[in-house]
Asker: 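Provided herewith is a single structure, encoded as structure tokens, for subsequent inquiry.
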Number of protein chains: 2
Amino acid sequence: MVTIKEIAKLANVSRGTVDRVIHERGNYSEAIGKKVKKILEKVDYKPNIIARSLVSKKAITFGVFLPKPHQDEKYWELPEQGIKKAEKELETYKVKIIYFHYNKNSKTSFKNCFDKILKKKDELDGLLIAPSMSEFTKKEFIKKIPDGIPYVFFDSYVPNSKCISYIGQNSVQSGSLAAKLMKLLICGKGTVGIIRMVPKDYHIDDRIKSFSDFFNKNKEIKVRIYEINGTTFNKLLQNIFEENSNLRGIFVPSAGAGRVAEYIKEKRIKRNVHIIGYDLTTRNRSFLKKGVIDFLLSQRPEVQGYEGIMTLFRHVVLKEKVKKEQILPIDILTKENLKNY
Amino acid sequence: MVTIKEIAKLANVSRGTVDRVIHERGNYSEAIGKKVKKILEKVDYKPNIIARSLVSKKAITFGVFLPKPHQDEKYWELPEQGIKKAEKELETYKVKIIYFHYNKNSKTSFKNCFDKILKKKDELDGLLIAPSMSEFTKKEFIKKIPDGIPYVFFDSYVPNSKCISYIGQNSVQSGSLAAKLMKLLICGKGTVGIIRMVPKDYHIDDRIKSFSDFFNKNKEIKVRIYEINGTTFNKLLQNIFEENSNLRGIFVPSAGAGRVAEYIKEKRIKRNVHIIGYDLTTRNRSFLKKGVIDFLLSQRPEVQGYEGIMTLFRHVVLKEKVKKEQILPIDILTKENLKNY
DNA sequence: AATATTGCTGTGCTCGTGCACAATAAGTCG
DNA sequence: CGACTTATTGTGCACGAGCACAGCAATATT
């Protein structure tokens, strides 16, 4: 490891001058600036972050902008766990995190919450954002993020933004994987229902599309999409079962598969209907365990939260280059492998 | 964060005395020892590892004892990647790693390699061990690990050892999960062959046992176990296909599924036989992509290596308590979700 | 009584970096 | 020429912990 002291010796100047050049704080002659920069590059100088964080008294503060933890069947607790893990790990580097929770079904809440961020903008050194709202709102609010505050998206993203990184999944792949598993479950024939519960979320639409596409060539399997619009959940499910005597599978592209499973249990439906859903919420977990849900696909929400904060840290504190896209693997969960997640 | 300086003030002694009490270096009176210890406990003193690693000049060295990277279809490259990742991350804490590679098919190599460790025992602050040999050898050599060198097992383990942690998988779960997927693949009927390639490895036996047990109640599916003993690989496979006209699936409980897939491709076997295997080796990956292998189960070898080193670090450097067992989730890989692993 | 030993306690330096401030040289102005 | 500004460079302290060594009483030894 090359230190500032050693570089100062090489350039025949003092530590202070090298320091000024490194941080471009000015107050040095052009000639010496060039000379020092050349040496810095030659020896590939990397500051010792340990010493740096030891001496620097100012804390780093990251803001996290995400839905309230209990929403989507408590799904949002999961990324928050990962964020908390990163927070603990980075404690010695004086990294603090401020949470901004919004109600993901209310534009007002979304706006109010974002206003709070704007008020605190001078304290924030970075933002981690889960933008789960309609395209319009996303675009509106992205513009307002103050210049100079780097931000990372996770779970979902906004096209053409200046985010330093996106951490998430490949929804298209995940949809076709679900289709493959469904085909196996129903032994290649029958009708499959898709239940869309969450309105207008682009990555859920992607899942639905690639799931449907998988079966388009296949004439033995029919796919029908059902939406919750105006009708109640129970009524919708009643319809689905009545309409399709040959219903063999249900695909729930959001975290709501547990509700379908609950309906089947409560109404004591005897038909052998297979369910594939998403995300390891408490309810989903319990019905996967019982065997009512066959497969759950997961997108590692804890890892997303954790890596989100770590990415900000690497960019802001370590000044490293970070990957623009960090696509995480899709996990397939079943009764058998559930235990250790 | 409470510092030694502050504690010294509280106890009305000097920093040096507090330091002596913390490290039990002696040279302090009993009364002051008690007093300082009480305060340490009260304020829950945690040393600042940043400052500590900045000042301490002595490097920490961990030894890693594992099979040569190219063995088992290059499987052992994978945990080594994780180990290298941890090594890089811990560079600032002056952690060094020495690799000891043995030939996993030769007891002599195993012993020679272990002797090298014994020679270097004074330099080692910890050991990460992948004990992939017969029970006998394992027991023999565990005894010889010098007292005072903490060690962690990964991939496999030795019962009743004094290891500080084991990082690995649940082989029983993994076997029954494979069976579940196989049942789906072959639509609930036919014959399934199990091919055992690796001799006497306890976790592979576990996989086979729980795989077989899953089908014991099921009369429509027959399971047969084949071993490579004396015969060549090609001959064995030829036999399997000739003997079983109703062969619908092959389960390879080791990393060798790719070789089976290769055989099928080369001999242009037209029968629709489904393959489930283990581990993301280069060959396995390519045949999974082509659709010849249906599923690969993975035990996150990179994570195992990474967590192995981090566990040693937490125990040796941070003096934290570590979990005795760290069971990792089983990943199900298919053509569709392969891309991001 | 002078010196050595023992038992305990306090101080000062180190690590690499950041930052405030001191120091120096060169030039400007009255 | 002396006072002053400005540009540039050097130095000292701080961060928290570890460790060597100095200091200093109270005994022990000669």
Side-chain angles (χ1 to χ4, degrees), chain A residues 1-37 39-40 43-60 90-96 125 316-320, chain B residues 1-37 39-40 43-60 90-96 125 316-320:
Chain A
M1 173 169 277
V2 189
T3 67
I4 288 186
K5 210 174 164 184
E6 286 161 16
I7 289 168
K9 215 170 185 176
L10 285 173
N12 206 23
V13 291
S14 71
R15 288 163 28 234
T17 304
V18 176
D19 186 68
R20 274 183 288 270
V21 175
I22 289 173
H23 298 281
E24 312 230 30
R25 261 198 280 272
N27 286 325
Y28 57 88
S29 68
E30 212 177 305
I32 285 198
K34 268 188 186 170
K35 194 172 158 191
V36 171
K37 274 176 188 164
I39 295 176
L40 283 172
V43 301
D44 188 29
Y45 171 75
K46 294 259 163 57
N48 185 332
I49 42 154
I50 285 184
R52 173 178 289 174
S53 70
L54 180 63
V55 71
S56 95
K57 38 207 87 189
K58 70 153 183 263
I60 301 289
L90 299 178
E91 199 191 332
T92 40
Y93 294 100
K94 301 200 181 69
V95 172
K96 295 253 145 49
D125 303 286
V316 174
V317 180
L318 307 188
K319 306 245 154 59
E320 289 178 3
Chain B
M1 175 170 274
V2 189
T3 67
I4 288 187
K5 211 175 164 184
E6 286 161 16
I7 289 168
K9 215 170 186 177
L10 284 173
N12 206 23
V13 291
S14 71
R15 289 162 29 233
T17 305
V18 176
D19 186 68
R20 274 183 289 269
V21 174
I22 288 174
H23 298 280
E24 312 230 31
R25 260 198 282 271
N27 287 326
Y28 57 88
S29 70
E30 212 177 305
I32 284 197
K34 267 188 188 171
K35 194 172 157 190
V36 171
K37 275 177 189 164
I39 295 176
L40 283 172
V43 302
D44 188 29
Y45 172 74
K46 294 260 163 57
N48 184 332
I49 43 155
I50 285 183
R52 174 180 288 173
S53 71
L54 180 64
V55 71
S56 98
K57 37 207 87 189
K58 72 155 184 265
I60 299 290
L90 298 178
E91 199 190 333
T92 41
Y93 294 100
K94 300 198 182 69
V95 173
K96 295 253 144 51
D125 303 285
V316 174
V317 180
L318 307 188
K319 306 245 156 54
E320 289 178 3

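In what follows, chains carry the letters A, B, and so on, assigned in the order in which the sequence lines appear, proteins first and then strands, with residues in each chain numbered from 1.
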Asker: For the atom pair NZ (B:Lys9) and CD1 (B:Ile4), what is the distance rounded to the nearest 0.5 Å?
Answerer: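 Going from the NZ atom of B:Lys9 to the CD1 atom of B:Ile4 covers 15.5 Å.
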
Asker: Heavy atoms, side chains only, cut-off 4.5 Å: are B:Tyr45 and B:Ile39 in contact?
Answerer: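 A side-chain contact under 4.5 Å is absent here.
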
Asker: Ignoring backbone atoms, test whether A:Tyr45 places a side-chain nitrogen or oxygen under 4.0 Å from the OP1 or OP2 oxygen of C:dT17.
Answerer: yes

Asker: Please state whether the base of D:dG18 and the side chain of B:Arg15 form at least one donor-acceptor pair under 3.5 Å?
Answerer: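 Yes, the side chain and the base share a sub-3.5 Å donor-acceptor pair.
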
Asker: Answer whether the closest heavy-atom distance between the side chains of A:Val21 and A:Lys37 falls below 4.5 Å.
Answerer: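 Side chain of A:Val21 against side chain of A:Lys37, heavy atoms only: contact under 4.5 Å found.
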
Asker: Rounded off to whole Å, could you give me the NZ-to-P distance for the A:Lys5 and D:dG12 pair?
Answerer: 12 Å

Asker: Taking only side-chain nitrogens and oxygens of A:Ser14, does any of them come within less than 4.0 Å of OP1 or OP2 of D:dG10?
Answerer: yes

Asker: List the residues meeting ring-ring contact (aromatic ring centres under 6.0 Å, His included) with A:Tyr93, not counting sequence neighbours, and say none if there are none.
Answerer: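 Testing A:Tyr93 for ring-ring contact (aromatic ring centres under 6.0 Å, His included), a comparison that skips the adjacent residues, returns A:Phe313.
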
Asker: What is the distance, rounded to the nearest whole Å, between atom CD1 of B:Ile4 and atom P of C:dT9?
Answerer: 16 Å

Asker: Measure the shortest side-chain to side-chain distance between A:His23 and A:Asp19 over non-hydrogen atoms and say whether it is less than 4.5 angstrom.
Answerer: yes

Asker: Side chains of A:Ser53 and B:Ile50: does their closest heavy-atom pair fall under 4.5 Å?
Answerer: yes

Asker: Starting from the 5' end of DNA chain C, give me the residue, B:Asn12 or B:Ala51, whose nearest nucleotide shows up first.
Answerer: B:Asn12

Asker: May I ask you to check whether over 12 heavy atoms, not counting those of B:Glu91, lie within 6.0 Å of atom CD?
Answerer: no

Asker: Using a distance-only criterion (donor-acceptor N/O pair, under 3.5 Å, no hydrogens), is the base of D:dG10 paired with the side chain of A:Arg20?
Answerer: yes

Asker: Rounded to whole angstroms, how far apart are CZ on A:Arg52 and P on D:dA14?
Answerer: 21 Å

Asker: Given side chains that start at C-beta, do those of A:Val317 and A:Asp125 come closer than 4.5 Å, heavy atoms only?
Answerer: no

Asker: Output the residues of residues 26-34 of chain B in contact with DNA chain D, where contact means a heavy atom of the residue under 4.0 Å from an atom of the strand; sort by number or write none.
Answerer: none

Asker: Report the distance from atom CG of A:Asn48 to atom C1' of D:dG16, rounded to the nearest whole Å.
Answerer: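 So the two atoms are 14 Å apart, to the nearest Å.
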
Asker: Distance check needed: D:dA17 C1' versus B:Leu318 CG, whole Å only.
Answerer: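 Nearest whole value for this atom pair: 15 Å.
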
Asker: Mind calculating the distance between CD (B:Glu6) and C1' (D:dA17) to the nearest angstrom?
Answerer: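 Answer to the nearest Å: 13 Å.
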
Asker: Could you state the atom-to-atom distance from CD1 of B:Ile50 to P of D:dG18 in whole Å?
Answerer: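 Atom CD1 in B:Ile50 sits about 14 Å away from atom P in D:dG18.
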
Asker: Would you mind building the protein contact string for nucleotides 22-27 of chain D? One character per nucleotide, 5' to 3', B for base within reach (heavy atoms under 4.0 Å), S for sugar-phosphate only, - for untouched.
Answerer: ------

Asker: Only one of B:Ile32, B:Ile7, B:Thr3 clears side chain to side chain contact (heavy atoms under 4.5 Å, CB included) with B:Val18; which?
Answerer: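 That would be B:Ile7; it is the only one of B:Ile32, B:Ile7, B:Thr3 passing the side chain to side chain contact (heavy atoms under 4.5 Å, CB included) with B:Val18.
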
Asker: Rounded to the nearest Å, what distance is computed from the CG atom of residue A:Asp19 to the C1' atom of nucleotide D:dC13?
Answerer: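 Those two atoms, CG and C1', are 14 Å apart.
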
